[in-house]
Structures are given as structure tokens and as C-alpha cells.
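Note sheet for the following structure.
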Amino acid sequence: MATSNTTAFRQWPPRRRRRLRRSRRSRRPEPYRLGELIAAYLVCLLVVIATFLLLGPLGILAYFVCGFWLTRFLSRRVVWWAFASNIENVYLTKVWTFFQWPIAVAVFLWKLAIVKAL
């Protein structure tokens with residue numbers, strides 16, 4: 001039995017229906033794979049180590065660039081729990097992850113691996 005929402009949706013012009021379907025898909029977070037997250041972490045770690053060894057002081061810039069990229073990469077794939085995601089909690093988590101990403105991301109991946117395994 002069709003609900004009133006589906007019936008109303010079918011009555012809209014096809015162009016508007018496509019636009020709504022696209023917008024619904026874009027709001028959903030991409031599913032994460034633990035292997036992708038670990039690979040991204042290891043690549044960033046290797047880039048920072050190689051930059052420190054080869055270019056010395058430019059390794060500091062690579063550290064912050066990798067921290068920014070990795071924080072953005074992870075944040076897009078994590079669904080924030082609406083109950084605890086006030087501005088202060090999200091801000092502190094993202095800033096801590098940005099500045100201390102080698103430790104923060106490793107801890108996060110470890111917790112995620114345990115949750116997925118059990």
C-alpha cells in the first residue's frame with residue numbers, strides 16, 4: 001500500500017524527482033572500510049617520515065597538511081551521534097585529531113577494528 005508521501009512523490013515532474021533522489025544520496029555518508037582508513041593513515045605517516053628525512057624542516061608543513069587531510073577524510077566517513085555532537089565536542093575532537101593525528105587516528109582505528117571484530 002502506497003503512503004501519501006510516495007503518491008505525492010510520483011506526481012512530481014520527473015526532473016524534480018531526479019533532483020530529490022540525488023540530494024538524498026548526497027546527504028548519506030559514504031560507507032567506510034577499515035582497510036581504506038588504515039591505508040590513508042599509513043600513507044600520511046610515510047609521507048611525513050619521508051619529508052622529515054629528505055627535506056628536514058618542511059616535514060613540519062607536511063605534518064600539518066597530512067593532519068588536515070586525514071581529519072577531513074575521516075570526518076566525512078564518521079557519523080556523529082546527534083546526542084553528543086554539540087559544537088564544543090565536535091570542535092575539541094577535530095582540533096585534537098588535527099594536531100595529534102598520529103596518536104588520535106591510531107587510537108580511533110584500533111577502537112574501530114575492535115568494534116568491527118566483536
*Under a single-linkage definition using a 4.5 Å side-chain heavy-atom cutoff for Ile, Leu, Val, Met, Phe, Trp and Tyr, are I38 and V115 assigned to the same hydrophobic cluster?*
no
*Over all heavy atoms of both residues, which pair between K116 and L34 is shortest? Give the atoms and the distance, please.*
NZ-N, 4.3 Å
_Are W96 and V107 linked, directly or through intermediate hydrophobic residues, by side-chain heavy-atom contacts shorter than 4.5 Å (ILVMFWY only)?_
no
_Neighbour count above 12 (heavy atom, 6.0 Å) for I87 CD1_ = no
*CD1/I103 to OG1/T97 distance, rounded to the nearest 0.5 angstrom?*
11.0 Å
*Counterpart residues, side-chain contact (heavy atoms from CB on, under 4.5 Å), relative to I114 (two or more places apart)*: W110, L118
*Output the distance between atom OG1 (T93) and atom CZ (F98), rounded to the nearest 0.5 Å.*
15.0 Å
*asked:* Run the side-chain hydrogen bond (donor to acceptor under 3.5 Å, both in side chains) test against W69 and tell me which residues pass, sequence neighbours left out.
replied: none
*Calculate, to the nearest 0.5 Å, the distance between atoms CG and CZ belonging to L37 and F108 respectively.*
6.5 Å
*asked:* Quick check for you: to the nearest 0.5 Å, what is the distance between N89 atom CG and K94 atom NZ?
replied: 12.5 Å
Please tabulate, one pair per line, all N/O donor-acceptor pairs under 3.5 Å involving side-chain atoms of residues 39-66, not counting sequence neighbours.
{"unit_1": "Y41", "atom_1": "OH", "unit_2": "P102", "atom_2": "O", "d": "2.7"}
{"unit_1": "T51", "atom_1": "OG1", "unit_2": "V47", "atom_2": "O", "d": "2.6"}
{"unit_1": "Y63", "atom_1": "OH", "unit_2": "F99", "atom_2": "O", "d": "2.5"}

